[in-house]
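Source: prediction; values computed, not measured.
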Protein chains: 2
Amino acid sequence: MRIDAERVFSAHDHAACRQATLERAEEIVAVEGLRLTPVRRRTLEILLESHQALGAYEVLDRLVASGFARQPPVAYRALDFLVDHGLAHRIRRLNAFAACMRPGEPHRPAFLICDTCQAVAEAPGTAVADAMLAAAGAVGFEIERMSLEAVGRCPACREARA
Amino acid sequence: MRIDAERVFSAHDHAACRQATLERAEEIVAVEGLRLTPVRRRTLEILLESHQALGAYEVLDRLVASGFARQPPVAYRALDFLVDHGLAHRIRRLNAFAACMRPGEPHRPAFLICDTCQAVAEAPGTAVADAMLAAAGAVGFEIERMSLEAVGRCPACREARA
DNA sequence: CTTGACTTGTTATTTTATAACATATTCATT
DNA sequence: AATGAATATGTTATAAAATAACAAGTCAAG
Ligand SMILES: [Zn+2]
Ligand SMILES: [Zn+2]
Ligand SMILES: [Zn+2]
Ligand SMILES: [Zn+2]
C-alpha cells in the first residue's frame with residue numbers, strides 16, 4: 001500500500017494529486033447524497049492547493065478572492081462541512097485545516113507536521129490508534145475521537161538543515 | 001506500576017493527590033534551580049484543584065481572586081513556565097492546561113479527556129508514542145513533539161449513562 | 001554597587017471561533 | 001404548481017484565545 005506521506009514529503013505531480021483527490025471527493029458526495037455547493041467546493045480546492053494546513057482566516061482570504069463575502073462563518077461553515085464528512089481534517093496543534101488525502105477510505109490519520117516547511121501529511125495511524133485504544137481500555141475509558149499529531153521535520157527539511 | 005488514570009477517574013483522596021504532586025513539583029524546581037514565584041505557584045495550585053483542564057482565562061479569573069492583575073499575560077506567562085518545565089501539560093483539543101501528575105518523571109502522556117465530566121487523565125503513552133515514531137520513521141520524518149489526545153467517556157460517566 | 005538575566009506590570013492588538021437571526025434555496029409531498 | 005420542512009447562505013455582532021511590545025522592577029553574581 002502506497003503511503004501518502006511519502007508523496008506529500010517529496011516532489012510529486014501535485015496538480016494530478018490534487019485533481020485525483022478532488023475527483024474522489026466528488027464521488028463521495030455523489031454517493032452520500034451531499035451537496036458540494038460552490039463555497040464548499042471552492043474551499044476544498046483551496047485546501048488542495050498545497051499540502052500545507054490553512055487557518056480558517058487564510059481560507060477566508062482566498063474565498064474572498066473568489067468572490068465570496070469576507071465573513072468568518074462563510075469559511076467556518078464550509079470547513080465544518082468538509083470535516084464533518086471526512087473531506088478535510090482539523091489539525092489541532094495548528095488551529096488549521098488540511099484536505100483529507102484519502103476521502104471515503106476508512107483511515108486513522110496520524111498527522112506529521114513539518115515545522116520548517118509547514119507541510120502536513122497523514123501517516124497510516126492504525127497502529128497508533130490501536131495503542132491508544134489499548135491504553136484507554138486498560139483504565140475503562142471509551143474513546144470516541146482522537147487526535148494524533150506530531151511536529152518535527154520532514155525528510156527534505158531534515159536534509160536541508162544537515 | 002500504578003496508572004494515574006485509574007486514580008483520576010475514580011473517587012480518591014484528592015487533597016492528598018494534589019498535595020503530593022505539589023510537593024514533587026517543588027522538589028523539581030529546587031533541583032533544577034527554577035523560580036517558583038508566587039504567580040507560578042498559585043497557577044500550579046489552581047491547576048491542581050481538580051483533574052479538569054482549565055483554559056487560560058479560567059486560570060486568570062482565579063488568579064484575580066488571589067489578588068493578581070486581570071491581564072492575559074499574567075496567566076499565559078505562568079502557564080508557559082509550567083509547561084516549559086514539565087509541571088503542566090497543554091491540552092490542544094481543549095485549548096486548555098492541566099497539571100502534570102508525574103512531574104520530573106520522564107513520561108509520554110497520552111491524554112484521555114472525558115467529554116461528560118471534563119476530567120483529563122494522563123495514560124501511559126509509551127506504546128502510543130513508539131507507534132507514532134515508527135509511523136514517522138517509515139517515511140523519514142523526525143518527530144520533535146507530539147500530541148496524543150483522545151476524547152470520550154471515563155468509566156464513571158460511562159456507567160452513569162448506561 | 002553594578003551588571004546582566006530574569007520576572008513582572010501594563011496597554012494594546014491579533015487571531016481564532018461562535019451566537020443569533022433573517023433570508024433564500026432545495027426538495028419531497030400534496 | 002403550491003406547500004412546507006430541511007438545509008444552506010447572508011449578515012451583524014461578539015466571544016474566546018493568544019501574543020506583541022515595552023517599561024519597570026527584582027535578584028543574584030561578580
Ligand atoms: Zn500533492
Ligand atoms: Zn518540511
Ligand atoms: Zn486527584
Ligand atoms: Zn467523566
Next on the checklist: Applying the side-chain hydrogen bond (donor to acceptor under 3.5 Å, both in side chains) criterion to B:His12, which one of B:His51, B:Arg7, B:Glu6 satisfies it?
Outcome noted: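 Of all the options given, the one that passes is B:His51.
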Checklist entry - Looking across every strand, which nucleic acid part, if any, lies under 4.0 Å from A:Arg70 by heavy atom: base, sugar-phosphate, or nothing? => result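 It contacts nothing in the nucleic acid.
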Is any side-chain N or O of [X] closer than 4.0 Å to OP1 or OP2 of [N]?
{"X": "A:Arg90", "N": "C:dA17", "result": "yes"}
{"X": "B:Asn95", "N": "D:dA18", "result": "yes"}
{"X": "B:Arg77", "N": "D:dT19", "result": "no"}

Next on the checklist: Going by side-chain contact (heavy atoms from CB on, under 4.5 Å), B:Pro103 matches just one of B:Leu44, B:Ile28, B:Leu22, B:Val29. Which one?
Outcome noted: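 Exactly one candidate clears the test, B:Ile28.
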Taking [atom1] from [X] and [atom2] from [N], how many angstroms apart are they, rounded to a whole number?
{"X": "B:Arg41", "N": "C:dT7", "atom1": "CZ", "atom2": "C1'", "answer": "18 Å"}
{"X": "B:Leu36", "N": "D:dT26", "atom1": "CG", "atom2": "P", "answer": "19 Å"}
{"X": "A:Leu60", "N": "C:dA17", "atom1": "CG", "atom2": "P", "answer": "13 Å"}
{"X": "A:Arg93", "N": "C:dT15", "atom1": "CZ", "atom2": "C1'", "answer": "18 Å"}
{"X": "A:Arg42", "N": "D:dT9", "atom1": "CZ", "atom2": "P", "answer": "16 Å"}
{"X": "A:Asp61", "N": "C:dT15", "atom1": "CG", "atom2": "P", "answer": "10 Å"}
{"X": "A:Leu63", "N": "D:dG10", "atom1": "CG", "atom2": "C1'", "answer": "14 Å"}
{"X": "A:Phe68", "N": "D:dT9", "atom1": "CZ", "atom2": "P", "answer": "9 Å"}

Nearest of [options] to any side-chain atom of [X]?
{"X": "A:Val74", "options": "D:dT11, C:dT8, C:dT16", "answer": "D:dT11"}
{"X": "B:Phe97", "options": "D:dT11, D:dT9, D:dA18", "answer": "D:dA18"}
{"X": "B:Tyr76", "options": "C:dT10, C:dT18, D:dA18", "answer": "D:dA18"}
{"X": "A:Pro73", "options": "C:dT10, D:dA17, D:dT12", "answer": "D:dT12"}

Next on the checklist: Between B:Leu34 and A:Glu58, which residue's closest nucleotide on DNA chain C lies nearer the 5′ terminus?
Outcome noted: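 Looking at the nearest nucleotide for each, B:Leu34 comes out on the 5' side.
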Next on the checklist: If you assign each of B:Gln71 and B:Arg35 to its closest nucleotide in DNA chain C, which residue comes earlier from the 5' end?
Outcome noted: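 Its nearest nucleotide lies further toward 5', so the answer is B:Arg35.
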Next on the checklist: I'd like to know if B:Tyr57 reaches the base of D:dA16 with its side chain such that a donor and an acceptor end up less than 3.5 angstrom apart.
Outcome noted: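 By the distance-only test, no, there is no pair.
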Checklist entry - For the residue pair A:Cys114 and A:Arg153, what are the closest heavy atoms and their distance? => result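 Looking at all heavy atoms of both residues, the closest pair is SG-CA, 4.1 Å.
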Next on the checklist: Using modelled atom types and a 3.5 Å cut-off, is there a donor and acceptor pairing between side-chain atoms of B:Glu122 and backbone atoms of B:Met101?
Outcome noted: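 Looks like yes, one N/O pair under 3.5 Å.
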Checklist entry - Toward the 5' end of DNA chain D, which comes first, B:Asp80 or A:Pro38, by nearest nucleotide? => result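 Final value for this comparison: A:Pro38.
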Next on the checklist: What's the separation between atom CZ in B:Arg24 and atom CZ in B:Arg102, rounded to the nearest 0.5 Å?
Outcome noted: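 Answer rounded to 0.5 Å: 7.0 Å.
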